[in-house]
Amino acid sequence: QVQLVESGGGLVQAGGSLRLSCVASGIMFHRYTMGWYRQAPGKQREMVAQISVSESTHYADSVKGRFTISRDNAKNTVYLQMNSLKPEDTAVYYCNAVGIYQPAGVRAGNSWGQGTQVTVSS
């Protein structure tokens, strides 16, 4: 059974930084493209970033240059470093197991974490 557990969310002022973590179990993590998504109140869930097994990455235009996705296969963990945060980054952030040996930038997979809240105050 796939389990994805996010952590690291919180309240931060605009311009600040946070690092999200997602620990995966129940999958062969090193074979999976992983992703981060977010959903703000009243909006659809959107892709933030994906990272493939070869560590190629894909970012939403709104976060390019500010967010960095990375992975540590030894720890079955994917990270999202978020810098220069803006109030519009406020959302619940979700980890996703995109798929086996997929390129970065494809449709989300079916396995999701429970989400972690990020709130950016102005």
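Numbers for residues simply follow the sequence, beginning at 1.
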- Query: Looking at CZ of Arg38 and CD of Gln117, how far apart are the two atoms once the value is rounded to the nearest 0.5 Å?
  - Reply: 12.0 Å
- Message: Nearest 0.5 angstrom please: Thr57 OG1 to Met34 CE, how far?
- Response: 15.0 Å
- Query: Between the main-chain N or O of Ser84 and the side-chain N or O of Arg66, is there a donor-acceptor pair closer than 3.5 Å?
  - Reply: yes
- Message: To the closest 0.5 Å, what do you measure between OG (Ser52) and CZ (Arg31)?
- Response: 15.5 Å
- Message: Nearest 0.5 Å, please: how far is OG in Ser56 from CD in Gln50?
- Response: 9.5 Å
- Query: Rest of the hydrophobic cluster containing Val98 (Ile/Leu/Val/Met/Phe/Trp/Tyr, side-chain heavy atoms under 4.5 Å)?
  - Reply: Val106
- Just by distance, do the side chain of Arg71 and the backbone of Phe29 share a donor-acceptor pair under 3.5 Å? yes
- Query: Which atom pair, heavy atoms only, marks the closest approach of Val53 to His30?
  - Reply: CG1-O, 3.1 Å
- What about the rings of Tyr79 and Trp36, do their centers lie closer together than 6.0 Å? no
- Query: When you look at Tyr93 and Glu6, which way does the side chain to side chain contact (heavy atoms under 4.5 Å, CB included) test go after all the steps?
  - Reply: CA-CA 8 Å; Tyr93 283 70; Glu6 302 100 332; over 6 Å; no
- Can Ile100 be reached from Trp112 by stepping across I, L, V, M, F, W or Y side chains whose heavy atoms are under 4.5 Å apart? no
- Task: Taking the side chain as every heavy atom from C-beta outward, state whether Tyr59 and Thr68 have any atom pair closer than 4.5 Å.
- Result: yes
- Cluster link Ile69 to Val63, ILVMFWY, side chain under 4.5 Å: yes
- Query: For the hydrophobic clusters of this structure (ILVMFWY residues joined by side-chain heavy atoms under 4.5 Å, transitively), does one cluster hold both Leu20 and Tyr94?
  - Reply: no
- Is the closest side-chain heavy-atom distance between Ile51 and Thr33 below 4.5 Å? no
- Co-membership, hydrophobic cluster, residues Val118 and Leu11, 4.5 Å side-chain: no
- Check Leu85, Thr90, Leu18 against Thr119 for a side-chain contact (heavy atoms from CB on, under 4.5 Å) and give me the one that passes. Thr90
- Got a second to check how far Arg45's CZ is from Tyr37's OH, nearest 0.5 Å? 10.0 Å
- Flag the pair Lys86 and Asp89 as a salt bridge only when some basic side-chain nitrogen lies within less than 4.0 angstrom of an acidic carboxylate oxygen. no
- Message: Main chain of Lys75, side chain of Thr77: is a donor-acceptor contact present, judged purely on distance under 3.5 Å?
- Response: yes
- Shared hydrophobic cluster, Val23 / Leu80 (ILVMFWY, side-chain heavy atoms < 4.5 Å): no
- Are any side-chain N or O atoms of Asp72 and backbone N or O atoms of Val78, one a donor and one an acceptor, separated by less than 3.5 Å? no
- First locate atom CG of Leu4, then atom OH of Tyr32, and finally report the distance between them rounded to the nearest 0.5 Å. 9.5 Å
